[in-house]
Amino acid sequence: MTTTTNQTINQTTDWNALDTEAFRLMVRAFFEQNYPAELRYPKTRLRWAEIKGWYMTLSNKGWVAPSWPQAHGGMGLSPEKLIAFIEEQERWGVGRAPDMGITMIGPLLIQYGSKEQQQKYLPKIIQGENIWCQGYSEPNAGSDLASLRTDAVEDGDDFIINGQKTWTTLAQDATHIFFLARTDKTVKKQEGISFLLADFTTPGITVRPIRNIAGHEEFCEVFFENVRVPKANLVGGLNQGWGIAKALLGFERIFLGSPKQSQYALSRVEAAAQALGLFGDQGFVDRYTQLQLDVADLSALYVRFVEQVKRGEKLGPDVSMLKVWAAETFSRLANLLVEITGGSGAVAGDIEVNGKKIDVLTSFYNARPATIYGGSSEIQRNILAASVLQLRS
Amino acid sequence: MTTTTNQTINQTTDWNALDTEAFRLMVRAFFEQNYPAELRYPKTRLRWAEIKGWYMTLSNKGWVAPSWPQAHGGMGLSPEKLIAFIEEQERWGVGRAPDMGITMIGPLLIQYGSKEQQQKYLPKIIQGENIWCQGYSEPNAGSDLASLRTDAVEDGDDFIINGQKTWTTLAQDATHIFFLARTDKTVKKQEGISFLLADFTTPGITVRPIRNIAGHEEFCEVFFENVRVPKANLVGGLNQGWGIAKALLGFERIFLGSPKQSQYALSRVEAAAQALGLFGDQGFVDRYTQLQLDVADLSALYVRFVEQVKRGEKLGPDVSMLKVWAAETFSRLANLLVEITGGSGAVAGDIEVNGKKIDVLTSFYNARPATIYGGSSEIQRNILAASVLQLRS
Amino acid sequence: MNSNSDHLDTERQDNRRMLAESAQTFATKASPLTRARGLRGSASGFDRSFWGKLAEQGWTGLLIPEAFAGYGQGFGEMAAVVSALATQVAPEPVVPALVFASRVIENTGNGDLQQQLLASIVVGELIPAVAWQEELAGLQVNLLASAVVTAPTNSGIQLTGEKHHVRPGADCDGFIVTAKQDNGLSLWWVPANAAGVKVRSVALADGTSESSVRFDGVMLDSSQSLAQGDAAIVAFTRAYDEALVMTSVELLALQQAMLNMTLEYLRTRVQFGKPIGSFQALQHRAVDLLIQQELTSAVLGQAITLLDSECDPVERSLMASRIKARASDAGLLLARESIQLHGAIGFTDEYDLGLYVQRALVLSAWLGNAQMHRRRYANLTQMNTASV
Amino acid sequence: MNSNSDHLDTERQDNRRMLAESAQTFATKASPLTRARGLRGSASGFDRSFWGKLAEQGWTGLLIPEAFAGYGQGFGEMAAVVSALATQVAPEPVVPALVFASRVIENTGNGDLQQQLLASIVVGELIPAVAWQEELAGLQVNLLASAVVTAPTNSGIQLTGEKHHVRPGADCDGFIVTAKQDNGLSLWWVPANAAGVKVRSVALADGTSESSVRFDGVMLDSSQSLAQGDAAIVAFTRAYDEALVMTSVELLALQQAMLNMTLEYLRTRVQFGKPIGSFQALQHRAVDLLIQQELTSAVLGQAITLLDSECDPVERSLMASRIKARASDAGLLLARESIQLHGAIGFTDEYDLGLYVQRALVLSAWLGNAQMHRRRYANLTQMNTASV
């Protein structure tokens, strides 16, 4: 890996000085020229083996951490530039790498980590040597995350960890995990939680992939059995974990409400309908148009929040409405796709509709976690009711 | 009023000995020959002045109290016969008279009333001399009926009543009211309630009609200001009111879930669609068919509960699902009617669609209370969740 | 398209904000809900003297260019006024007369007539209406005229036929009539008192009225012609689309008023020992109303910006139908659900919620309801032409 | 119509209850969910030896008249068996072979062929399938054949074309093929191993398969003809409608299984210190699922009674499409909402909910989904004829 030289060069470029449109076109051209065609618009999350090449391409270019400060090897993009960067990724159908290092633990260490932690971990994220995953959820702590039970007991210079994490995205590809553990059982449940880091080579850690009903293994269980984690791996102070984890909820939340997933599903419905000759069927056209406008109006709402971020304003709890509408619009589109393909609506894999290949059930399956992960539609509605509508429970 | 002779004759007829089909045809013929044509399918509740003639016709025939025992001047119908009787009313569009005397207080006095109360009140209900209304709801006791505040304080041989009832159906046409009042404030709220009767000529009672947004006055407020009600008007024991009121929830509850209102709205949609030539519009036909099947399937569910009643079984809390589906199907039909009539969908009163008269907003307005009164859809869902699904709050 | 609002200069943004505030202050004071309530079912359904106050505020000429003695403001400014009045359920035909009719006139080419009509509108003397809609046929909006035709006679041109859903339904001074002519559509100015004009007023749910207007061989001369052929279609379609967006402004204001009343009720109404707004099922339904309101608001922001910019007519029509569809559906949903979440009280006439509900019924239907505008959107997408 | 069940004599009602109980006992024991899980994606997707057990139970001949060595039971009895197996997600093609195909054969007139096929079905040796569906075109179900035609040749009759969505998709012994002929529809029996038959198996969501079957000039002789013309339409339509109702029986069983699992989860899963089933928003959604399940159940009761009575063919088709529409929509709704109410666990393969969800996906699509059956219902209502 000979990335260092390149990075040093790029770290000095002031991307924010560029006109946003010029920046956008530059990024677009790079994606179009360099992103592997066969990986465009992946139907499921890509595995590290598939996307590693692209990660390293970005790393070599110095573009792998667009949001990080240049001092740490990032591009130091302003919110406006960062949004353009991500919009161009979505536009070209660039797949998500296992990006917890870039989007989550990196920024967190930059803000709360010690110098030693920063020096130890950040370069290896940039270089693609360490792949991180996030250990928050547990079997009995899903929507109610604060009730987590994974135990961290002090023992000399270490914590001894026992417990289980679940729904850990792509843990089977990770080298490290950042996670929440209970370090004090005597206080209110949010107050006894610490934020820790662990290397997967530490004895006592087991990773078990979970197969989903679509037949994919995007998520894992991670088991900790008497795992020794050095106290040096504590981030931001004992029992401060809950606040730190919450602080990570930055403006990236709007991407949970991006219209891209719905737009892609709409394009699948359109393709199927064209192949089936349904645009002459008023019954179909009525329903298609309604969903088409649901997607268009989702985009308008999305733009409103994006503008807010661009103006440098913080996102409020109202951004939750974006995720609710995005996920549920996507789900309605997936239902329509199943419906119009009739008997083929239950076929696994691609179907051929009058010569056109369409994967019907991918949207149906993808729509299921869309309303569950990242805060289920129910949790988002709770947030909106309490924090926006001032309706107290 | 020369009703007595007829009644005596009819009271001896054993209607239940007739074949149900023969009974049905007999009832049908009577309705068709005697019910005033101009009152068929009334759009709103009929006032006493409008329906009195019909009430007296039934009274003279001995048919005004189909469910009461013959000993009290009723027809003594079995559930099966009673359902046939009511179905024929619905089939012919026979309007509801102010019928709280027949359907509510009559059966209640027969079951819980004293001999004196029965003798004093029942004949006058049969003869159309007393018109009753029901005073349950209060401004602060709607869905939460048990929190009612109307006060009944013992004073010698009387109770002195102070308080206010609301949503009292057609109180402006009534001569008497049966109502719930608090007789003990020191116990749990359901346990301190008594069931009382009052004559509207008693000093201190004021009735004020409430106009609804459709411009009608179906409901009233009833104010009690130091009203003296004799203790003889207490039904079923002091502080026993809650149990008595609940006991009134008999199998008549299924009529809250009758498909007739939806069937009528469907016929309005059909008429409008015919006039507008919409049966060649696949978009309309798709939505029409879906609602048509919602109504048809409602009927199937209704029949299932009717069969249960006919077999002499008690209705369980699951009957609530009938009311939810009936009211919400009706509401969806009302929405469709507004939608297909376009610019005319906001016109007050009848509109003429290519020569055909259609009252669009009547269904829209009627659909509003349908999901509120008689236990709102939300309360019905609470009941179903708790008592059928065993989901505890 | 959506970024124009970013580039609005700060001064204009400030002015717009001040206008919105002063419009709201005026409307709240001069048009309390009791006024709206009292005018329901009255002869004209609105108050001509109040119209004079609107003229005093300069709002009757707000959109009209300075060349016609108006104030030459944009739709962003007009929206501020429209929204404030809608919040008070003011029954005056602001959008029908000052947007729809006024903009048709402004978009057409008859200089003398145009000048004269616009000048009278600015000072508040003239309340015009557009008479364009004919017998309902199917779920499409049809901007072309067919029933009303003009036939040259010895003495001039004759107008015959009937128009429906004309707002204001009474106390209106004249009509812009769409008519079929050999060369396509034509637009005519017909004073309300012209011989052969018969106005039949029809009561609407909100206590205002619309009218069906018969033209029985009304004699016209060329001085009454506003536009012919393609020019007529372009002028009419543009004004129609602008009226759709401004009607959506009213619908959003109604949505907000209904949601606010409902939230207030949910927070304060106690049943089973706690505010009913603490019940999760009701909370989630309120959230769904919020989402619809905010979708309306987000799309409306883009639509107003578009109206104030140079844009492709088809793009404008697509946006106008799109926002009218969303605003109408959301308006009706808010209306139904607000009543449901209130329970019985929400259905009573004396409670103010009904004022908003009834107005929402009227405005969601006016100029074509949600379903009709989704179909127009679909047709425009397929045809990609501005002619319908 | 609906009152027939009242008049079922008590003995038959008792027998039916006993059959339902014994079928459920058998299914639970002989076909645990682990069996269904293990067979997913296997060569045939089901277990031929289990078919033998069904034959031992007498269920392969349950519907077949005694004249054909069957047990001559009604659809009420068949429903008890179908439901019990569906509850266990048994992958065997009971409805495709023992209702759809078997009833086509029974409804047709070729005595020898009929006798021979039915006898083999009764003993569990023959698993037939109906090959009728062609390339999808629009949202209608089309019971008439077009792609497959028979042409008389020197040596006999030739069958050419392709059929889709044939269940079972593998390990099937022969096909009843609908074909277009001069005199309308014709029905043919084609053994799976006949020359020119090419079966392409397609994996379905639930781990079973369907097939696309090509007939490349398959030679037929008249002994393979099951029915021609109107008789073919009548026989086929009736069996199709019966299969719709019995598929709805399966869908109801799946709905009940999903709702039960979901309720159990809601009662026991604790978050925020209480069972999630105590949250009102989730309670109300569970109630909506209950209502859909009970609507399915109520209509299904009427539909089964109708199948077991003499009735007008159009009435039967209307009822069959009506129940398939309700059962399919409710099945999909239950599937989606059950996953949602479970949260992440509901989406995992190792949790049993997915077995029901995937089967519901397959059965709601099979023989036409809800939307297609609503359209068939509308067409039948308008045409009032039994031919489609």
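Numbers restart at 1 for each chain; the letters A, B, ... are given by sequence-line order, proteins then strands.
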May I ask you to test the B:Trp167-B:Tyr136 pair for a side-chain heavy-atom distance under 4.5 Å? no
Lys/Arg-Asp/Glu bridge criterion (N-O < 4.0 Å) met for D:Asp329, D:Arg374: yes
Got a salt bridge between B:Glu32 and B:Arg91, using NZ or NE/NH1/NH2 to carboxylate O under 4.0 Å? yes
Which residues in residues 255-267 of chain D have any heavy atom closer than 4.5 Å to a heavy atom of chain B? D:Leu263, D:Leu266, D:Arg267
Answer with side chain, backbone, both or neither: which region of B:Phe279 has an atom nearer than 4.5 Å to a non-hydrogen atom of chain D? both
I'd like to know if B:Arg24 and B:Glu87 make a salt bridge, using a cut-off of under 4.0 Å between side-chain N and carboxylate O. yes
Side chain from CB out, backbone as N, CA, C, O: work out which of these in B:Arg392 comes under 4.5 Å of a heavy atom of chain D, or both, or neither. backbone
Presence of salt bridge, D:Arg17 and D:Glu21, under 4.0 angstrom: no
Report the option among B:Val388, B:Asp318, B:Leu298, B:Leu384 that has the most heavy-atom pairs separated by less than 4.5 Å from atoms of chain D. B:Leu384
Can a donor-acceptor pair be found, under 3.5 Å and without considering hydrogens, that links the side chain of D:Arg375 to the backbone of D:Gln371? no
Give a yes or no on whether a salt bridge exists between D:Glu77 and D:Arg12, defined as a side-chain N under 4.0 angstrom from a carboxylate O. yes
Selection from B:Ser377, B:Ser299, B:Ala296 maximising heavy-atom pairs under 4.5 Å formed with chain D: B:Ala296
Identify which of B:Gln390, B:Gln282, B:Glu328 forms the greatest number of heavy-atom pairs closer than 4.5 Å to chain D. B:Gln282
Stepwise ring pair (Phe, Tyr, Trp, His ring centres under 6.0 Å) test for B:Trp15 and B:Phe85: CA-CA 11 Å; B:Trp15 303 110; B:Phe85 190 90; 9.2 Å; no
